[in-house]
2 protein chains.
Amino acid sequence: MRTDEPSIGYLVKAAQARLNLRMEEVLAPLELTVSQYSCLFRLKHDPGISAAALARSVFMTRQSMGTMLQQLRERDLVTRPDRAESGRALPTALTADGHALVEAAEAVVDGVEARMLAELPGADRSALARALAACVAALE
Amino acid sequence: MRTDEPSIGYLVKAAQARLNLRMEEVLAPLELTVSQYSCLFRLKHDPGISAAALARSVFMTRQSMGTMLQQLRERDLVTRPDRAESGRALPTALTADGHALVEAAEAVVDGVEARMLAELPGADRSALARALAACVAALE
DNA sequence: AAGCCTATGTCAGAATACTGACATGCGCAC
DNA sequence: GTGCGCATGTCAGTATTCTGACATAGGCTT
């Protein structure tokens with residue numbers, strides 16, 4: 001009798017927790033937290049995005065993103081105008097330093113993800129991605 | 001051309017974030033946070049567990065668990081001896097109130113998980129569980 | 001044009017979880 | 001038996017993120 005299998009919700013949390021832990025380990029030498037990396041990564045693919053949209057894409061509040069962007073700005077990793085040309089949104093983007101750093105970070109983070117998926121054949125990876133996307137959509 | 005598919009790491013984070021959000025919503029009427037629910041849930045299945053082991057099982061530090069248990073103790077949801085019979089570990093368990101509350105919480109949380117998996121056939125659910133477990137193990 | 005709604009950015013305060021540190025108690029090697 | 005290592009619990013301080021609130025800017029309806 002095996003009725004003690006962990007729920008899928010718990011497995012999702014477990015996977016996220018371990019992934020976060022391993023990412024912290026490899027990002028620490030670069031002086032980056034996981035949140036900061038996520039932010040820079042997103043900025044690389046969406047330069048000029050607003051802080052609020054950036055926050056939503058990495059599952060944070062815009063207030064927290066505000067303080068984080070201030071720190072990244074002090075390290076000259078991102079740029080942000082003091083005033084908006086039109087509207088309230090301040091378009092944020094990477095500096096050259098920020099771009100270089102996020103590329104270095106991507107290399108080590110890709111290593112972690114590769115390690116996580118090492119035992120999964122390609123077909124299983126696709127199925128996992130589709131299943132997770134379905135879960136996300138169902139909780140919309 | 002579609003080369004912008006999100007990584008599995010991002011999907012894991014997205015699923016966990018949305019799941020947490022929906023759990024917060026349904027647990028709020030019970031005056032429970034997700035962390036508190038996780039703690040009570042684990043205590044239901046492992047009465048007498050130590051706070052440190054409890055913390056590990058819900059991916060927190062033992063320090064944070066200490067403060068959380070203090071709060072739960074003040075609400076008479078858990079019991080904890082002031083001194084250990086042997087060793088340092090203080091065996092923690094649910095009170096009758098705690099047991100009743102966690103069962104009510106399980107009902108609403110199960111609803112959220114059911115909603116998350118609504119679109120997935122049974123075979124896909126098994127595959128998802130196995131894939132997630134493999135990811136967790138690979139990051140051990 | 002005026003009013004309403006929404007989104008963005010920011011300030012202030014609170015909650016939550018973390019790291020570092022230390023004492024205590026057990027088990028194990030020696 | 002003694003010393004060492006390891007786990008647990010707790011205190012103190014820090015960091016991160018959150019909620020609540022407000023002002024500003026644009027779109028949309030009327």
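The sequence lines fix the lettering, A, B, ..., with proteins before strands; numbering per chain opens at 1.
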> Are B/Leu139 and A/Val112 close enough, and set up right, to give a side chain to side chain contact (heavy atoms under 4.5 Å, CB included), and what steps lead you there?
Replying inline: CA-CA 8 Å; B/Leu139 294 175; A/Val112 172; 4.2 Å; yes
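For the pair B/Cys135 and A/Leu117, the minimum side-chain heavy-atom distance is below 4.5 Å. With contacts defined as side-chain heavy-atom distances shorter than 4.5 Å, the pair B/Ile49/B/Pro91 does not qualify. For the pair A/Gln70 and A/Arg80, the minimum side-chain heavy-atom distance is 4.5 Å or more. Put simply, the side chain of A/Phe59 does not reach to within 4.5 Å of the side chain of B/Gln16, judged on heavy atoms.
The closest donor-acceptor contact from the side chain of B/Ser50 to the backbone of B/Leu90 lies at 3.5 Å or more, if one exists at all. Between the B/Thr95 side chain and the B/Asp76 main chain, a donor and an acceptor come within less than 3.5 Å of each other.
Between A/Ser64 and the phosphate of D/dT16, there is no side-chain N or O to OP1/OP2 separation shorter than 4.0 Å. Neither OP1 nor OP2 of C/dA17 sits under 4.0 Å from any side-chain N or O of B/Thr61.
Note: CD (A/Glu24) to P (D/dT16) measures 11 Å, nearest angstrom. Regarding B/Glu85, its CD atom lies at a distance of 14 Å from the P atom of C/dG25, rounded to whole Å. In this structure, the CG atom of A/Asn20 is 14 Å from the P atom of D/dT16, given to the nearest Å. What separates CD of A/Gln70 from C1' of D/dT17 is a distance of 17 Å, to the nearest Å.
Using five terminal pairs a side, the axes of the helix from C/dA1-D/dT30 to C/dC30-D/dG1 at its two ends make an angle of 30°, given in steps of 10 degrees.
Residue A/Gln36 forms a side-chain contact (heavy atoms from CB on, under 4.5 Å) with just one option from A/Leu72, A/Leu27, A/Leu69, and that option is A/Leu72.
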> Reading nucleotides 1-16 of chain C from the 5' end, what letters show protein touch, with B for base, S for backbone sugar-phosphate only, - for no heavy atom under 4.0 Å?
Replying inline: -------BBBB----S
